[in-house]
Amino acid sequence: MSRLQVVSGKGGTGKTTVSAALALALATEGKRTLLVEVEGRQGIAQLFETEALPYEERKIAVAPGGGEVYALAIDPELALLDYLQMFYKLGSAGRALKKLGAIDFATTIAPGLRDVLLTGKACEAVRRKDRHGRFAYDYVVMDAPPTGRITRFLNVNDEVAGLAKVGPIHNQAQAVMRVLKSPETSVHLVTLLEEMPVQETADGIAELRGARLPVGRIIVNMVRPEVLDADELALVRSTPRTALARSLSGAGLGGARRGGHAERLVDPLLEQAEEYAARYELEQEQRAVLGELGLPLHELPLLAEGMDLAGLYELATELRKQGIA
């Protein structure tokens with residue numbers, strides 16, 4: 001199992017929710033997981049029903065079996081100050097640079113630097129060890145940018161390394177890429193059983209593979225329960241309306257006479273069945289498309305009660321059952 005788990009997906013597919021559930025799943029049985037947010041949306045804090053995360057690693061949950069989940073919302077500005085302090089020992093001069101707007105200046109002249117700082121912070125957590133030589137975290141889970149930007153986000157270190165041929169920036173970029181392009185990393189794509197998210201997932205996988213970044217799994221989120229299978233749908237479509245009305249009447253839903261309550265229910269029920277059939281066929285088509293991408297495929301259910309902390313633990317349990325964690 002890769003120690004850095006990067007989670008991406010088209011907007012609206014629930015990638016932050018899946019990231020949080022994955023962090024919980026990986027932390028079971030006494031493990032320690034760090035959940036990293038890089039987009040500044042404080043989505044992790046909302047899911048775990050806690051206050052906004054500061055720029056520090058903070059424990060936010062206990063997983064089944066006593067494991068711990070820590071979270072970090074990376075601030076690019078503070079990450080740059082950390083970087084300057086690490087390599088140039090600026091001390092109080094760093095605070096002065098912040099006031100002068102040096103952060104904006106630095107990321108303007110080297111646009112990729114921001115993403116180097118974000119990915120670099122996550123990779124540092126992957127490599128970090130305690131004084132006994134043990135890894136500080138068993139796993140790091142990154143809630144990454146959406147699919148349309150994920151390859152450039154992860155691969156931008158190569159661009160920065162090309163701009164800076166020598167020195168700390170070059171070395172930092174190379175060190176980050178050694179982690180991101182190694183078996184230590186897996187990039188998972190979250191999707192829905194809908195045409196646009198599935199197509200974006202396929203495109204994202206092709207781009208990641210083209211950049212030689214390690215693609216992990218496809219996670220289909222918010223899968224609705226199957227009410228009728230293909231055979232049952234065929235039976236509904238082939239059953240005469242009068243027979244359906246008699247069946248409804250037999251179930252105590254009104255008389256079978258023409259114009260009776262049972263007969264009036266037939267058309268709405270058939271309309272619902274057709275809507276369900278259209279969705280069922282679309283979902284089967286999209287499953288087939290995903291199946292052709294050659295990656296492990298997993299499905300998480302749509303939670304009828306909506307997403308809350310209990311639902312997050314439920315999804316984590318489902319991930320464990322499916323062997324993802």
Side-chain angles (χ1 to χ4, degrees), residues 5-22 38-39 41 43 47 141-155 186-238 268-307 311-312 314-315 318-319 322-324:
Q5 307 273 317
V6 180
V7 181
S8 182
K10 179 176 169 57
T13 60
K15 70 177 179 63
T16 299
T17 299
V18 173
S19 300
L22 179 60
V38 299
E39 294 187 281
R41 296 185 295 107
L47 281 170
V141 178
M142 182 194 294
D143 177 21
T147 316
R149 294 196 292 116
I150 186 61
T151 301
R152 182 173 177 81
F153 173 76
L154 295 176
N155 209 38
S186 288
V187 185
H188 310 303
L189 281 298
V190 181
T191 187
L192 305 177
L193 288 176
E194 298 173 6
E195 190 171 356
M196 287 185 64
V198 167
Q199 183 59 55
E200 190 162 314
T201 298
D203 293 343
I205 289 170
E207 290 179 1
L208 288 165
R209 285 172 170 164
R212 301 191 306 280
L213 288 161
V215 188
R217 302 165 185 262
I218 299 171
I219 303 171
V220 183
N221 195 26
M222 294 186 275
V223 177
R224 286 171 282 198
E226 184 178 282
V227 179
L228 302 172
D229 60 24
D231 292 338
E232 290 166 333
L233 284 170
L235 180 61
V236 170
R237 285 170 163 170
S238 63
L269 286 173
L270 287 176
E271 287 176 9
Q272 287 189 18
E274 284 301 320
E275 290 175 3
Y276 176 82
R279 177 167 62 82
Y280 177 87
E281 291 168 1
L282 173 63
E283 290 177 347
Q284 293 300 98
E285 290 172 1
Q286 299 311 309
R287 278 192 179 95
V289 172
L290 293 171
E292 293 173 356
L293 296 176
L295 294 173
L297 185 62
H298 305 272
E299 296 190 4
L300 292 175
L302 174 66
L303 300 181
E305 301 299 321
M307 180 50 60
L312 205 56
E314 184 178 336
L315 293 182
E318 185 61 32
L319 288 172
Q322 295 187 32
I324 299 179

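For the single chain, residues carry numbers from 1 onward in sequence order. All values below come from the heavy atoms of this structure, side chains included, with hydrogens, waters and symmetry mates left out.
In terms of the salt bridge (Lys or Arg N to Asp or Glu O under 4.0 Å) criterion, residue partners of K15 (sequence neighbours excluded) are, by chain and number, E39, D143. Every side-chain contact (heavy atoms from CB on, under 4.5 Å) that R287 has, sequence neighbours left out, goes to L193, V223, E283, Q284, E299. Looking at residues two or more places apart in sequence or on another chain, you find a side-chain contact (heavy atoms from CB on, under 4.5 Å) between L302 and M222, R224. Not counting sequence neighbours, the partners of L293 by the side-chain contact (heavy atoms from CB on, under 4.5 Å) test are A202, I205, I218, L290. The side-chain contact (heavy atoms from CB on, under 4.5 Å) search around P197 returns K10, T13, T191, L192, E194, not counting sequence neighbours.
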How far apart are the C-alpha atoms of V18 and L315, what are their side-chain angles, what is the distance that settles it, and do they pass the side-chain contact (heavy atoms from CB on, under 4.5 Å) test? CA-CA 8 Å; V18 173; L315 293 182; 5.9 Å; no
Is there a side-chain contact (heavy atoms from CB on, under 4.5 Å) between L47 and M307 once you walk through the steps? CA-CA 8 Å; L47 281 170; M307 180 50 60; 3.9 Å; yes
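Considering Q322, R217, H188 as possible partners of P296, the one that fulfils the side chain to side chain contact (heavy atoms under 4.5 Å, CB included) test is R217.
In this structure, Q199 CD and Q286 CD are separated by 9.0 Å, a value rounded to the nearest 0.5 Å. Note that CG of L154 is 11.5 Å distant from CD of E207, once rounded to the nearest 0.5 Å. The line from CD1 of I324 to OG of S186 is 11.5 Å long, rounded to the nearest 0.5 Å. Distance check, rounded to the nearest 0.5 Å: CG of N221 to CG of L300 gives 5.5 Å.
By the 4.5 Å heavy-atom criterion applied to side chains, R41 and T16 are counted as neighbours. Inter-residue side-chain proximity for T147 and D203 is flagged as unmet; no heavy-atom pair is nearer than 4.5 Å. Between I219 and V7, the closest side-chain pair of non-hydrogen atoms is not below 4.5 Å. Residues T17 and V190 fail the side-chain proximity criterion, which asks for heavy atoms closer than 4.5 Å.
At distances below 3.5 Å, not a single donor-acceptor pair connects side-chain atoms of S8 with backbone N or O atoms of L189.
Scanning both residues, G204 and T151, for their nearest heavy atoms gives O-OG1, 4.2 Å. Across G11 and P146, no two heavy atoms sit closer than the pair N-CB, 4.5 Å. Residues L295 and G216 approach most closely at CD2-O, 3.6 Å, considering heavy atoms.
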